[in-house]
Protein chains: 2
Amino acid sequence: MTQKQEQLSKNQQIVLSIIERAKGPLKAYSILYNVQKRGIKAPLQVYRALEKLIEAGKIHKIESKNAFIACKNSDCEISKTTAFSICNNCEHVKEIKNSKLSKYLSNFADNSGMKYKKYNLEFFGLCKNCKLKQ
Amino acid sequence: MTQKQEQLSKNQQIVLSIIERAKGPLKAYSILYNVQKRGIKAPLQVYRALEKLIEAGKIHKIESKNAFIACKNSDCEISKTTAFSICNNCEHVKEIKNSKLSKYLSNFADNSGMKYKKYNLEFFGLCKNCKLKQ
DNA sequence: TAACAAACGTTATATTATAACAAATTAAGG
DNA sequence: CCTTAATTTGTTATAATATAACGTTTGTTA
Ligand SMILES: [Zn+2]
Ligand SMILES: [Zn+2]
Ligand SMILES: [Zn+2]
Ligand SMILES: [Zn+2]
């Protein structure tokens, strides 16, 4: 009876805490530098933790940036339907929590007959701050 | 009066022709191997061509795969609003052309007040073929 | 406690992408 | 045509991102 792991392991906790404390998405090697004092020495240790954290819905990968951000949607069990807004100027990234959007996309079906359980959406534009400064 | 380039350069044409002939998305180094007989020797030559082709809307990058696919929407001048369906099993990728979807997303605005001119959406699931074989 | 799965540690290496610089080509204006 | 600027090219080196392979340790379950 294999069952989904509940508890995070030591390395997973360390990596998660760094990501949660960060103001924005972190890159894997930046995480590595941040956790070396806590005993994590190699990239692979970070990548393994990242993989598990993503599976657990604790973090998401921003694909267009190869960076990782903590989930703010009360730990999306979802984790499969993600949407982000990304500022092209200051690189600010925010997870979009919008039930209409997620409903719309979860129910989307094109003529291919393919039904999707998973998607990732990345919006780009200028955030409020950066819009003013222009 | 700088103006958007109309004509593709030699290397851009070579790279584009490879991508257009391919059945699915190609990775940069796979493109490189494919064009070496045509005189392109270095990764940078490929990446430079890719960059221009993306700007021109001739190709798109599949972010979750670090791969490049030819645009099928009559050369999206759009190129800024992209959606793809990706099969998790056979890796088949198809650009989604659906005006309702693009209208919905182009008009989407969340409570952040941010308005988006650009997005990339990647759907994941099983294609028809792979669904049958399961 | 035996058996298995998951996590860990470590070294090496694969893959993806860009920096820096100089030469060649192309486009536009006088 | 000549000049100038912009773009494209060629080349070498290197940065940044990610995984393979192996053996050990730890935790769970029967
Ligand atoms: Zn989330
Ligand atoms: Zn901003
Ligand atoms: Zn397109
Ligand atoms: Zn398939």
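Just so we're on the same page: letters track the sequence lines, and every chain starts at 1. Side chains are part of it too, since the values below use all heavy atoms of this structure and drop only hydrogens, waters and symmetry mates.
- The distance from atom CG of Leu50(B) to atom P of dT9(D) is 12 Å, rounded to the nearest whole Å.
- At dG27(D), none of the side-chain N or O atoms of Lys10(A) fall inside 4.0 Å of OP1 or OP2 (strictly under the cut-off).
- For the pair Gln45(B) and dG10(D), the criterion of a side-chain N or O lying under 4.0 Å from OP1 or OP2 is met.
- For dT16(C), neither phosphate oxygen OP1 nor OP2 lies less than 4.0 angstrom from any side-chain nitrogen or oxygen of Asn66(A).
- Pairs of residues two or more places apart, or lying in two chains, that qualify as side chain to side chain donor-acceptor pair (under 3.5 Å) and include a residue from residues 30-47 of chain A are Ser17(A)-Arg38(A).
- Considering only side-chain N and O atoms, Lys52(A) lies under 4.0 angstrom from the phosphate OP1 or OP2 of dA7(C).
- A close approach under 4.0 Å does occur between a side-chain nitrogen or oxygen of Ser9(A) and OP1 or OP2 of dC8(C).
- In this structure, Lys27(A) reaches the dT17(D) phosphate: one of its side-chain N or O atoms is under 4.0 Å from OP1 or OP2.
- Phe124(B) meets the ring-ring contact (aromatic ring centres under 6.0 Å, His included) test with no other residue; sequence neighbours excluded.
- Remark: Leu53(B) CG to Asn11(B) CG distance equals 10.0 Å, nearest 0.5 Å.
- Residue pairs meeting the salt bridge (Lys or Arg N to Asp or Glu O under 4.0 Å) criterion with at least one member in residues 82-93 of chain B, sequence neighbours excluded: Lys65(B)-Glu91(B).
- Contact annotation: Lys65(A) does not reach the phosphate of dA16(D) (side-chain N/O to OP1 or OP2, under 4.0 Å).
- The CG-P distance, from Leu26(A) to dT17(D), rounds to 12 Å in whole Å.
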All N/O contacts under 3.5 Å from nucleotides 18-23 of chain C to the protein, with atom names and distances to one decimal?
none

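- Pairs passing the side chain to side chain donor-acceptor pair (under 3.5 Å) check and including a residue from residues 108-123 of chain A, sequence neighbours excluded, read Ser64(A)-Glu122(A), Thr82(A)-Asn120(A), Asp110(A)-Ser112(A), Asp110(A)-Tyr116(A), Asn120(A)-Glu122(A).
- One interatomic measurement links the two molecules: CD1 of Ile14(B) to P of dT9(D), which rounds to 8 Å at whole-angstrom precision.
- Ile40(A) places its CD1 atom 7 Å from the P atom of dG9(C), with the value rounded to the nearest Å.
- The nearest whole Å value for the distance from the CZ atom in Arg38(B) to the C1' atom in dT9(D) is 16 Å.
- Proximity of Ile59(A) to Ile69(A): side-chain heavy atoms (C-beta onward) are nowhere separated by under 4.5 Å.
- The distance from atom SG of Cys71(A) to atom NZ of Lys97(A), rounded to the nearest 0.5 Å, is 8.5 Å.
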Enumerate, atom names and distances included, each donor-acceptor pair closer than 3.5 Å involving a side-chain atom of residues 98-107 of chain B, sequence neighbours excluded.
residue	atom	partner	partner atom	Å
Asn98(B)	OD1	Lys100(B)	N	3.1
Asn98(B)	OD1	Leu101(B)	N	2.8
Ser102(B)	OG	Asn98(B)	O	3.3
Ser102(B)	OG	Ser99(B)	O	3.1
Ser106(B)	OG	Ser102(B)	O	2.7
Asn107(B)	ND2	Lys103(B)	O	3.2

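- At least one side-chain heavy atom of Leu50(A) sits less than 4.5 Å from a side-chain heavy atom of Phe68(A).
- Regarding contacts with the backbone of dG9(C), a side-chain N or O of Asn11(A) is found under 4.0 angstrom from either OP1 or OP2.
- Under the rule for a salt bridge (Lys or Arg N to Asp or Glu O under 4.0 Å), Glu51(B) has no partner lying at least two apart in sequence or in another chain.
- Closest to the Ala28(A) side chain, of the nucleotides dT9(D), dG9(C), dA18(D), is dA18(D).
- Here Lys41(B) reaches the OP1 or OP2 of dT11(D): one of its side-chain N or O atoms lies under 4.0 Å away.
- End-to-end axis angle of the helix from dT1(C)-dA30(D) to dG30(C)-dC1(D), using five pairs per end and rounding to 10°, comes to 50°.
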